[in-house]
Amino acid sequence: MIQLFALAAAAFAILAQWAVWFYAPVETSMGVVQKIFYTHLPMAWWSFVSFFVVFIASILYLARRRDNYARIAGAACEVGVLFSGLALATGMCWARPIWNVWWTWDPRLTTTLVMWFVYAAYLLLRASDVGGGRKEAVLAVLGVVAFLDVPLVFVSARYWRSIHPAVFGPQGGGMEPEMWRAMIANLVAMGCLWLAILLARVRQLAAGATLSALVRHGAIRD
C-alpha cells in the first residue's frame, strides 16, 4: 500500500509539474513567482489534514487507550510539522518579491507560526521522558487542544485585516480555470505523498514499539 501511494505520488507529481509550467498561465501581476503557490498551498492544506488526524487520533486514544492511536497521532504530527514548516518557507520565498519582505506579522502568517510552534512542542514532549505512564494521555489532551489554532489559521485571511490572499474566497481568488486544475493536480500529488509518508511512519513506529517490547522482556538484547 505504501509503495502504491508513493508511485501514485510520483506519477501525479510529473503531471502536476507539467500543469504548473506548461498548462497554467503566468499570473498577470505577480509573474512567474506566483507558481510557488502550487507547492505552497498543497503543503499548507495537507498540514491541516495532518493536524486534524492528530485531533481525531488523540480523541480515540483518550476514549479507548490503544497505543496504535497514539502512534498515528505522533506520525501525523511529524508530517504536519514538516509540511507546515515547508509551507512557511515557500510562503516566505513568495513574499519576498511580492511584499518586499521575507516576513510580516500578518494574521495568517502569525497564526500559522503559532500553530507550528505548538505542534513542534508536541513532538518535543513526545520525544522526552517526561510524564511516565501518563505521557500518552497528556499528549492526547495536547493534541486535542492544539487543534483550536487550526481553524484560526484558516479564517484569519477572511475575517481579519490581512494582506495574505484568500484563495477560496467568493470570487475564487481571481484564478483562471487552468490555474485551478493545476492546483488540484498538485493537491492530489501532495496528498498521495502525504499518505505514503504517514503510513510508512506509522509502520516504523509500530516496529519500534515491538522491538522495544522484546528488549524489555529479554527476548533480544539491546
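Note that the numbering runs from 1 along the sequence shown for the chain.
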Under 4.5 Å between side-chain heavy atoms, counting indirect links through other Ile/Leu/Val/Met/Phe/Trp/Tyr residues: same cluster for [X] and [Y] or not?
X: Leu4; Y: Ile14; value: no
X: Leu205; Y: Leu82; value: no
X: Val79; Y: Met1; value: yes
X: Leu148; Y: Phe48; value: yes
X: Trp102; Y: Trp94; value: yes

If I take atom [atom1] from residue [X] and atom [atom2] from residue [Y], how far apart are they, to the nearest 0.5 angstrom?
X: Leu60; Y: Tyr69; atom1: CG; atom2: OH; value: 5.0 Å
X: Ile184; Y: Met179; atom1: CD1; atom2: CE; value: 13.5 Å
X: Arg66; Y: Ile72; atom1: CZ; atom2: CD1; value: 11.0 Å
X: Met43; Y: Leu193; atom1: CE; atom2: CG; value: 8.0 Å
X: Leu139; Y: Leu62; atom1: CG; atom2: CG; value: 10.5 Å
X: Cys93; Y: Leu86; atom1: SG; atom2: CG; value: 10.5 Å

For the residue pair [X] and [Y], what are the closest heavy atoms and their distance?
X: Ser47; Y: Ser84; answer: CB-N, 3.6 Å
X: Cys192; Y: Ala8; answer: SG-CB, 3.9 Å
X: Thr90; Y: Ala87; answer: OG1-O, 3.0 Å
X: Leu187; Y: Leu41; answer: CD2-CD2, 4.1 Å
X: Pro25; Y: Glu178; answer: CD-CB, 3.6 Å
X: Lys135; Y: Ser128; answer: NZ-O, 2.7 Å

Can you check whether [X] reaches [Y] side chain to side chain, under 4.5 Å on heavy atoms?
X: Val144; Y: Tyr61; result: no
X: Phe52; Y: Val150; result: no
X: Gln17; Y: Asn186; result: yes
X: Val26; Y: Gln34; result: no
X: Phe83; Y: Met190; result: yes
X: Ser58; Y: Val54; result: yes
X: Arg96; Y: Val101; result: no

Original post:
Do side-chain atoms of Lys35 reach the backbone of Trp21 as a donor and acceptor pair under 3.5 angstrom?
Top reply: no

Subject >> Identified ring-ring contact (aromatic ring centres under 6.0 Å, His included) counterpart of Phe51 within the set Tyr119, Trp45, Trp116 >> reply: Tyr119

**OP:** Give the intermediate values and the outcome of side-chain contact (heavy atoms from CB on, under 4.5 Å) for residues Phe117 and Leu113.
**Re:** CA-CA 6 Å; Phe117 274 120; Leu113 184 63; 3.6 Å; yes

Original post:
Should the pair Phe55 and Phe147 be assigned to parallel (<30°), tilted (30 to 60°) or perpendicular (>60°) ring geometry?
Top reply: parallel

Subject >> Tyr23 atom OH, neighbour heavy-atom count above 12 within 6.0 Å >> reply: yes

**OP:** Using a cut-off of 6.0 Å, state whether more than 12 heavy atoms not belonging to Phe12 lie near its atom CZ.
**Re:** no

Original post:
Can Glu136 and Arg126 be counted as an ion pair, charged N to O under 4.0 angstrom?
Top reply: yes

Original post:
For Val114, which fellow cluster members are found when Ile, Leu, Val, Met, Phe, Trp and Tyr are connected by side-chain heavy-atom distances below 4.5 angstrom, either directly or through intermediates?
Top reply: Val118

Subject >> Inter- and intrachain pairs under salt bridge (Lys or Arg N to Asp or Glu O under 4.0 Å), touching residues 183-204, at least two apart >> reply: Glu78-Arg201

**OP:** Ignoring hydrogens and angles, state whether a donor on the side chain of Glu176 or Trp180 is under 3.5 Å from an acceptor on the partner side chain.
**Re:** no

